[in-house]
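Here is the naming used below: chain letters follow the sequence lines, and residue numbers restart at 1 for every chain. All of these numbers come straight from a predicted model, not from anything done at the bench.
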Amino acid sequence: MAHQAHAYHMVDPSPWPLTGAIAALLMTSGLAIWFHFHSTVLMTLGLILLLLTMYQWWRDIIREGTFQGHHTPPVQKGLRYGMILFITSEVFFFLGFFWAFYHSSLAPTPELGGCWPPTGITPLDPFEVPLLNTAVLLASGVTVTWAHHSIMEGERKQAIQSLTLTILLGLYFTALQATEYYEAPFTIADGVYGSTFFVATGFHGLHVIIGSTFLAVCLLRQVQYHFTSEHHFGFEAAAWYWHFVDVVWLFLYVSIYWWGS
Amino acid sequence: SPTIFFATPTKLVSESNAPVEYMGANKVPDLQRIFQASEEIPVHLKRGVSDRLLYRTTMALTVGGALYCLVALYIAAQPKNK
């Protein structure tokens, strides 16, 4: 039986890149078919395929790392680089929307009344729910750090409790933001103010949901004894992502909610 | 006559040798054994029936979906008759 003479991971052949690519095809074509022919079948099929791909692909990575021991230090280093690069790409994604916001708000056109917020727009009070949201996310940053230290110190019960608390805070943020969206006196269709507000905060909210889901998967894994005090990169990746989501909110709060009001 | 017990002394958790279970027992060693078994089965099928079922469903949706997509795009590309 051949054994590798290096510490890297040569993965088994996998069907998930193909199914993921087809899912992307189906979702994009499905979007076009929905717009022009009013049928959501293709798009829904694409979404289902995406979920199946994500579930099986990440399940396989957990099998390869936790159960088969393939995540040696060099492999883990590669995974760390990967997560950092991915988060960096997301930073640039948000940078674009901040650029759009500042482009329109630093030099408001005559059509807007030459002022920001534009004439007719009543912005949300930054010291009401948005301030609470800021406190909620900052608190969740503390609880996720508590969870990390608990894992490193082998404190199983505390890790489970602090991780659960982090997820609950994330869900609380999402619920608060949803009510804000419902109650807001302006919509996405209200000129460039509405566009920049809802696209920037909307994508942020999506990332909060993604981050909460990632943390929830980590909670499940922590309960099932996957993490050791020395090796718990999945959790670290989730914590990095969560801190990134928190920082984006701080920029949103200061720029759009506070300066922009 | 033998001593009569009315109650056994309180047993402290710290005195027992069994590890205290909090939210389930550790099944990772068993899973490690399953996944490190030497048969040349790829990791996405290594748990047997449930893996195969999920894989085949996903693949069926992939192939079927791709064909459906091509047909839908072909139809969408037809010029509209006035």
Max heavy-atom pair count under 4.5 Å with chain B, selected residue of Glu64(A), Arg59(A), Gln56(A): Gln56(A)
Sorted by chain and residue number, the salt bridge (charged side-chain N to carboxylate O under 4.0 Å, His left out) partners of Arg56(B) (sequence neighbours excluded) come out as none
Non-hydrogen side-chain atoms of Arg63(A) and Asp51(B) separated by less than 4.5 Å: yes
Just checking Tyr172(A): does its OH atom have more than 12 heavy atoms from other residues, nucleotides or ligands closer to it than 6.0 angstrom? no
Below 4.5 Å from any heavy atom of chain B, which atoms of Trp16(A) appear? Answer side chain, backbone, both or neither. side chain
CD1-CE distance between Ile22(A) and Met59(B), expressed to the nearest 0.5 angstrom: 8.5 Å
Contact check, side chains of Ile75(B) and Phe37(A), non-hydrogen atoms, under 4.5 Å: no
Looking only at atom types and distance, does a side-chain atom of Gln224(A) sit under 3.5 Å from a main-chain N or O of Val28(B), one as donor and one as acceptor? no
Measure up the Phe67(A) and Phe35(B) rings against each other and bin them: parallel (under 30°), tilted (30 to 60°), perpendicular (over 60°). parallel
Has Tyr55(B) got more than 12 heavy atoms of other residues, nucleotides or ligands less than 6.0 Å from its OH? no
Most heavy-atom pairs under 4.5 Å with chain A, out of Arg33(B), His44(B), Gln36(B), Gln32(B), belong to His44(B)
Using a cut-off of 6.0 Å, state whether more than 12 heavy atoms not belonging to Trp34(A) lie near its atom CH2. no
Side-chain donor/acceptor of Tyr225(A) to backbone N/O of Gly24(B), under 3.5 Å: yes
Please report the closest heavy-atom contact between Pro13(A) and Pro42(B), naming both atoms and the distance. O-CB, 4.1 Å
Would the number of heavy atoms belonging to other residues, nucleotides or ligands and lying under 6.0 Å from OH of Tyr55(A) be above 12? no
Heavy-atom pairs under 4.5 Å with chain A, option from Leu61(B), Thr57(B), Thr58(B), Val63(B) with the top count: Thr58(B)
If I compare all heavy atoms of Gly65(B) with all of Leu26(A), which pair ends up nearest, and what's the gap? O-CD1, 3.5 Å
For the CD1 atom of Ile34(B) and the CD atom of Gln68(A), what is their distance to the nearest 0.5 Å? 11.5 Å
In terms of heavy-atom pairs under 4.5 Å, which option from Leu52(A), Leu25(A), Ile33(A) contacts chain B the most? Leu52(A)
